Amino acid sequence: MKKYETPLLDELEKGPFPSFVKEIKKAAAKNIMANDELGQVEYSYKTNRVYWKHGGIVGVLGYGGGIIGRYSMLPEMFPEVKFFHTVRVNQPSGWFYTTEVLRELMDICDKYGSGICNFHGSTGDIIFLGTTTENLEPIFAELTSHEKPRHLRFDLGGSGSALRTPSACNGPARCEWANYDTLEACHQITHEFQDEIHRPAFNYKFKFKFAGCACDCVASIARADCSVIGTWKGPILIDQDAVKWHEKKGMDIDREIVRMCPTECISYDGKELKIDNDECNRCMHCITRLHKALKPSGERGATICIGNKAPIVIGTIISHVIIPFMKLEPPFTEFKELARKMWDWWDEHSKPRERIGEVIEFQGMRSFLEAIGVEPIPQMIKEPRRDPFIFFKDEDIARVKEVEEEEKRTGKIIF
Amino acid sequence: MKKYETPLLDELEKGPFPSFVKEIKKAAAKNIMANDELGQVEYSYKTNRVYWKHGGIVGVLGYGGGIIGRYSMLPEMFPEVKFFHTVRVNQPSGWFYTTEVLRELMDICDKYGSGICNFHGSTGDIIFLGTTTENLEPIFAELTSHEKPRHLRFDLGGSGSALRTPSACNGPARCEWANYDTLEACHQITHEFQDEIHRPAFNYKFKFKFAGCACDCVASIARADCSVIGTWKGPILIDQDAVKWHEKKGMDIDREIVRMCPTECISYDGKELKIDNDECNRCMHCITRLHKALKPSGERGATICIGNKAPIVIGTIISHVIIPFMKLEPPFTEFKELARKMWDWWDEHSKPRERIGEVIEFQGMRSFLEAIGVEPIPQMIKEPRRDPFIFFKDEDIARVKEVEEEEKRTGKIIF
Amino acid sequence: MGFYGDRKLTAEEAKKLRETDIGPPYFRDFLPPVIKKNYGQWKEHDILSAGLMVHTAESGDKIWTIRVATPRLIATDTVREACDIADKYCDGHLRWTSRNNIEFLVSDEKKVEPIQKELKERGFLMGGIGYRISNVVHTQGWVHCHGAATDASGLVKSMMDELAEYFTTKELPNKLRLAVACCPNMCGAVHCSDIAVVAIHTTVPIIDHDKLGKICEIPTSIASCPTKAISPYPEKKSVKIKDEKCMYCGNCFTVCPAFDPFDTERDGCAIVIGGKVNCLRTNTKFARLVVPFISNRPPRWPKVVAIIKHIIELYAKHARKHERVGEWVDRIGWERFFKLSGITFTYQCIDDFTFMRDTFRNASTFKW
Amino acid sequence: MGFYGDRKLTAEEAKKLRETDIGPPYFRDFLPPVIKKNYGQWKEHDILSAGLMVHTAESGDKIWTIRVATPRLIATDTVREACDIADKYCDGHLRWTSRNNIEFLVSDEKKVEPIQKELKERGFLMGGIGYRISNVVHTQGWVHCHGAATDASGLVKSMMDELAEYFTTKELPNKLRLAVACCPNMCGAVHCSDIAVVAIHTTVPIIDHDKLGKICEIPTSIASCPTKAISPYPEKKSVKIKDEKCMYCGNCFTVCPAFDPFDTERDGCAIVIGGKVNCLRTNTKFARLVVPFISNRPPRWPKVVAIIKHIIELYAKHARKHERVGEWVDRIGWERFFKLSGITFTYQCIDDFTFMRDTFRNASTFKW
Ligand code: SRM
Ligand code: SRM
Ligand code: SRM
Ligand code: SRM
Ligand code: SF4
Ligand code: SF4
Ligand code: SF4
Ligand code: SF4
Ligand code: SF4
Ligand code: SF4
Ligand code: SF4
Ligand code: SF4
């Protein structure tokens, strides 16, 4: 195996934080692809630019996604990375593993790939970093086959203009604040939409992320076209003794809690903490800080926000409220129906490479709400429109006229 | 004179608030134009629509503005308002009058017009509401002639794609908070730019408004392309006894002042009120409420904001900071130069019917700042850009490279 | 009357007499002596009642201001009446405010009571100072403008009759600024008012193709449309409007009279709230749409008036001292405002113009 | 290795064995027994140290979590090493976090100390829990993506070496989330991070006209440009770019490889700060540009690192407890941030894309 001098990358083996260079070298010690990857990355460091190129679409039979084709621009210098595709493997909900399955995954990665992975990709997948075109089918077969008794059975994740691999915070598995079963939701929804994941039929990508509460530990609002964020409807229960406990531990309840409550609905007189639950917007600040003392109660569910996307073309969008509250319980029928309705509308109104958030902007929220059968309510917006540029449908005016007729009859104004 | 039945308008003579119908009728009693105006307005009330129409441009010789041509759509029904132009008369700074000049103005309005005025138009002018084309020159002559000894000498205001009549709050004439002489500034600047007012040569209208402090009693930031808002640079002086006086009068200093200070820079321990002047943003809240106790000190001047306009075409804009601080003292040379530079840039970069605020958006603030010779500083913005869509000029990159060279030489990072 | 008495100048005379570019008269010539003397030296002011305040100079001199409402549209004789009063009590000095009120400027304390008495007797309405409703900024309406989708003066009169006690006596948490614009050109600059009415059309303009070809330029007509609803119609040497894209702003009409957006049944008023101009405490705020459409019901627009009054009463009851309407609503949240007010939330409240993105709620944190 | 040992499957075999649409495995099969038992019944948690927390269920059961950093890019053998440890102390159970850390899930209190000891000995870095810097969300960079304007892994390593003690020990006012995106596509979704690096180009792409005609569609190429800088170039059956309109986003390249935006001298990094994802206290915030361009200086990007560290130290010193970076800066104002930090304010910080209007300051109220 060729030995590359890597003076620049060697620098990055030093220092306290774990080193990706050590990882590549560890793999390179026994894998020729990893070795040429090392060489090419060093060459990038030396010359200050990237040497991967666009390439033809590659994949496995019957799927349109899950693989990112990648080719070196310098195949003469680094022949083993002439093909260096990634395989996106759909992680289990919440990224929980047993050592058994991990070992099996690693074996496949070593056998067919470069021995390097990303744990995890930014969307959530397990990424096998680098393999050749001809290895794709074998990898796929080893991942999916149920022929032999074994632990591992994985499928590919999404890529291209498809539903992308959904992901979820660890939620009820290890967190006291989950308002719905993020993991189960993520799992069942992923299974429901296998076709949408594997066979790109959308006009652009679409992402789901499931967070159990407003902490949004899976960054759903900033990274998913559909962000499902747990919330509740009842009052916050208060254990006054525990409040004292926090105070004793050094918390300045007035500064840290009362004054930081965005709705100014908490008061504390040194004895009793009170919350005006009607005015609380459930931001979770007090609950997370007084975590031994406060907890939500009552009906549980999720707020569904739509539309996030990265900056290109029209600038970053973050998801916005579409369904203020939906119960989210297996089999998640309402949610699945919503997804289908959204996609139908999106499909009908979009051009290629337009994400759903963009299309909502282009068409206006009304068209979208009408398509999914949701009435407008003020919870959907931070504030109403400011310019007097107002569209009406004839039926809107008709409704106004009806109300006005009734007002004339009754002499009472209807607001 | 024809007598119109006005059952609908008669309704509007009732009630406690002064009635415009009474005013029209008062004029109509002796003025046939006012009488037909009454008739036409009643007809509008009856039929629910307006009956004025677009018409040819009218004006006085050598001026392109100051008159709004107006014609009735129903000249058969209301012959005396077949022509019903308005004359915009440039008010004196701060709308101060003597009874003498007012009487003379009223005489002109009666003689040539309908005997109805607007005191004042939304831009600030005295408006003679309704006259005929042939009366325009005589009105103009009576307003401007200096032939006879008399008090009145007025000129027309602006209209069309011109500088519009500037206006100012009463400022130093009757207010303790004026940071510059709004009235003098308004006066001198109006006189400086007589040509720009009377002979429309811009691509669209342009408005100045002068407010003496952040209270903005002339709504400059929301109603002028160039909003000149007084401010200061020194600390807020505190008269602690007067603070007590306010407290005794019933003010809750903590709730009403301390907690309402947007920068949280006021504290009050029941004895002494303290202000951290470095963190104060000079919002004027505390000063206006503790008006006997607090006052600004130090250098005085104004913040100059640019760009306001009404919603059409691209949506409302309110003026934004361009010059955080400018001394504003007679003869206002710096300000006048700024105005000329702005207009040159605007002229060069705009199409007809594009206000300066729109053009700043189309071109980006940089082009404008460079043209007027102002360096960018953070005071101009609420927050920096959010999308990674960044323009550079070669010189910008060159400057970065220079700094980086220096850093290499000295080993010290320059932030 | 005039310098030449009743006689109208002839064109010939006018030509000889006229002068250009003289600009407005010098305001200092019109200032009362006490103001001239204490110009820029005012120390403080006290609001003595809704219609009366006194400013005290560093020198100890004082000037009393008595403020009275006007309908803005005013007959010459009414101005003369004000002049008579000002002659009697103010040595001939008076001013108008930026909101169309008259201010009588009294230098002699002894005249303060008498002038108020006389104003009252003559039926002038004193008020508007302090934490109250002042006069309504508004525009021409059916009285004079070709573009008006409603009348302005009548609306103002109807509103203020109902709200008069907030002008003359009752206090509110802070000043409350009302405005009316009679079309989306918004000469009333209502966009930063606490509560405002903006008149709107709700039908797609009808185009007179013959007229258009004759009197308007096609590119200008096309460019006038904010939503790009207008496109060429070469067959007719005119343009056409794509109905779904038109939001009836009337700008095509402003630019070219061949467009007719008027509709006696479907012109009406929208109500926007929560704007503010100044930057005290919080920055300038835009007013936001709460009621998208109310049919014109002259002479009294009862529904418009009722809704405005309702909102003001809510504000009076719920806002904290010094909070403007927009500051109050921002604190409690728009969802809470709609609940409190019972006003129906409609699709129209959801922005669908350029800045919609920043008006959508990007958070699960709202009130039920 | 694999189910078929070392032997690679043939195409034929693969075809027989493969199955489609099976979806991911059921996560419940991978959960530790104590989690299965107490699923959804957790009561509270305690953060015991930077790398250790314990969750207690209503039942009284507990699970300890030990978190360790990874470089995300990881060799199979390192995963195996983690497996060895998990076998020894966690009954074979472990998980990854949403920020690329490994979490060892210990059910037996007695094993909590020993696993930490062993992790330390093996050189794993424990930390990232609580008010600290956790791992850096980042993307492929030169390691794998064709579009990268800088490397991501190397930048992360350089940053975190310098900031490691904020991962392992030191506390900050609140969590601090870092991210790196290697091009404006922003796969790292840096737009809502406390502090992030986004790699950018600063030259207008060069177009290979022959290639473009052959492999790309002209309308798609034109549509790809956010600023409409691309227009047809019929003479060459290609397109051209209007230089002044191009802001180097590289989207034309994403859509069509005939555009080449790369420039070894002029690719580099921008720094954005003040974003946050969650809605605690304040809504989700966008990160904002503070440093527009720093030349790539591999292997350590010293200037990028120094500026980030400088900002973090300012934050540590000035922010109130529980304030995120953006909440702190919003409270003090961006003008104050630039003054405090000494960072040069440039034209580039002033927005000139769609939403500029709402970023301009509409008030005379700012700090000197
Ligand atoms: C692998 C991954 C980065 C990583 O290192 O983790 C990635 C890699 C690529 N992304 Fe991404 N994106 C990845 C997560 C994201 C995210 C973050 C997320 O999903 O949470 C975003 C921002 C969120 C969003 O979707 O808006 C993201 C926004 C983009 C975009 C911009 C999309 C847009 O609407 O503007 C592109 C450009 C495109 O679609 O052509 C893109 C395109 C790409 C391509 C396919 C490059 C291209 O031009 O074709 C990259 C392939 C690189 C490679 O060498 O494998 N990637 N991409 C992430 C997927 C791994 C996984 O499946 O787990
Ligand atoms: C393990 C993880 C979820 C997962 O399924 O992987 C997780 C776990 C917890 N989060 Fe989180 N958060 C995790 C990513 C996030 C993210 C997403 C991200 O960083 O990209 C966010 C949003 C960040 C943002 O706003 O930019 C997030 C915002 C929070 C917050 C809100 C912090 C704040 O701004 O005030 C809390 C509340 C708290 O800290 O008390 C929280 C609280 C928690 C708690 C205390 C919840 C609990 O009771 O178990 C967990 C331990 C906290 C800790 O690490 O200090 N978690 N948390 C993620 C760990 C990532 C890592 O390796 O560091
Ligand atoms: C008279 C006045 C309303 C009033 O009753 O007070 C007025 C009346 C007209 N305005 Fe105005 N505007 C008047 C102040 C304003 C203001 C407020 C201000 O200046 O403080 C604005 C909003 C601020 C601004 O300039 O942006 C204003 C924004 C407009 C617009 C929209 C301009 C834009 O940039 O979008 C138009 C449409 C146009 O320019 O074609 C307009 C057009 C008009 C026209 C000329 C109608 C037209 O389409 O040609 C109106 C003539 C009506 C008439 O019958 O006299 N008027 N106009 C105000 C001028 C009186 C004066 O000189 O004192
Ligand atoms: C006379 C006038 C100036 C003029 O040159 O004409 C004026 C005069 C004063 N204003 Fe004003 N303001 C005048 C229009 C305005 C406007 C413009 C407008 O309404 O269109 C504003 C901005 C309104 C807005 O923000 O939407 C305005 C916002 C203020 C404020 C800030 C109120 C607040 O939001 O907290 C103060 C401070 C205060 O009230 O203590 C103020 C304070 C004052 C003081 C106390 C200043 C002083 O010491 O003399 C004056 C008497 C106040 C009063 O009426 O209660 N003045 N004031 C205007 C009277 C209009 C009227 O007839 O009612
Ligand atoms: S998002 Fe909420 S439920 Fe999910 S892990 Fe974070 S804190 Fe727990
Ligand atoms: S959850 Fe948020 S809004 Fe509700 S009481 Fe707690 S801090 Fe206040
Ligand atoms: S703007 Fe300021 S200076 Fe002018 S009148 Fe109002 S309070 Fe006085
Ligand atoms: S002027 Fe405003 S910011 Fe300054 S101390 Fe007073 S209330 Fe605070
Ligand atoms: S708002 Fe419209 S209708 Fe009213 S005066 Fe202005 S242009 Fe005319
Ligand atoms: S009314 Fe406005 S939106 Fe409709 S066509 Fe005319 S300009 Fe366009
Ligand atoms: S951010 Fe850009 S360069 Fe980096 S992985 Fe994503 S597409 Fe590739
Ligand atoms: S780099 Fe971006 S802005 Fe420049 S031409 Fe390409 S797509 Fe347009």
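Just so you know, these numbers come straight off a predicted model, no measurement behind them. Order of the sequence lines fixes the chain letters, A, B, ..., with proteins taken first and strands second; residue numbering starts at 1 for each chain.
Both the backbone and the side chain of D:Glu323 come within contact range of chain A, judged by heavy atoms closer than 4.5 Å. If you measure heavy-atom distances from D:Ile215 to chain A, you find no contacts under 4.5 Å at all. In this structure, chain A has no heavy atom under 4.5 Å from any part of D:Asn101. In this structure, no portion of A:Gln40 lies under 4.5 Å from any heavy atom of chain D. Neither the backbone nor the side chain of D:Glu327 comes within less than 4.5 Å of any heavy atom in chain A. Of the two parts of D:Arg297, neither the backbone nor the side chain holds a non-hydrogen atom closer than 4.5 Å to a non-hydrogen atom of chain A. For chain A, the nearby parts of D:Cys249 are the backbone and the side chain; heavy atoms of each come within less than 4.5 Å. Interface remark: D:Thr97 contributes backbone atoms only to the contact with chain A (heavy atom separation under 4.5 Å). Heavy-atom distances place no part of D:Cys182 under 4.5 Å from chain A, backbone and side chain included. With a threshold of 4.5 angstrom between heavy atoms, D:Leu73 approaches chain A through its backbone and through its side chain. Heavy atoms of D:Asn283 lying under 4.5 Å from chain A belong exclusively to its side chain. If you measure heavy-atom distances from D:Thr56 to chain A, you find no contacts under 4.5 Å at all. With a 4.5 angstrom heavy-atom cutoff, D:Thr354 touches chain A only via side-chain atoms. Of the two parts of D:His55, only the side chain, counted from C-beta on, holds a non-hydrogen atom closer than 4.5 Å to a non-hydrogen atom of chain A. Both the backbone and the side chain of D:His144 come within less than 4.5 Å of a heavy atom in chain A.
Comparing A:Arg289, A:Lys25, A:Lys382, A:Met260 by how many heavy-atom pairs each has under 4.5 Å with chain D, the most go to A:Arg289.
Listed here is the closest heavy atom pair of D:Ala199 and D:Pro184: O-CD, 3.4 Å.
In this structure, cysteines D:Cys256 and D:Cys216 have SG atoms closer than 2.5 angstrom.
For D:His146 and A:Tyr71, the distance between ring centers is not under 6.0 angstrom. Between A:His187 and D:Tyr26, the ring centre distance stays below 6.0 Å.
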Residue pair D:Asp77, A:Lys30: steps toward the salt bridge (Lys or Arg N to Asp or Glu O under 4.0 Å) verdict
CA-CA 11 Å; D:Asp77 281 347; A:Lys30 47 185 191 179; 2.7 Å; yes
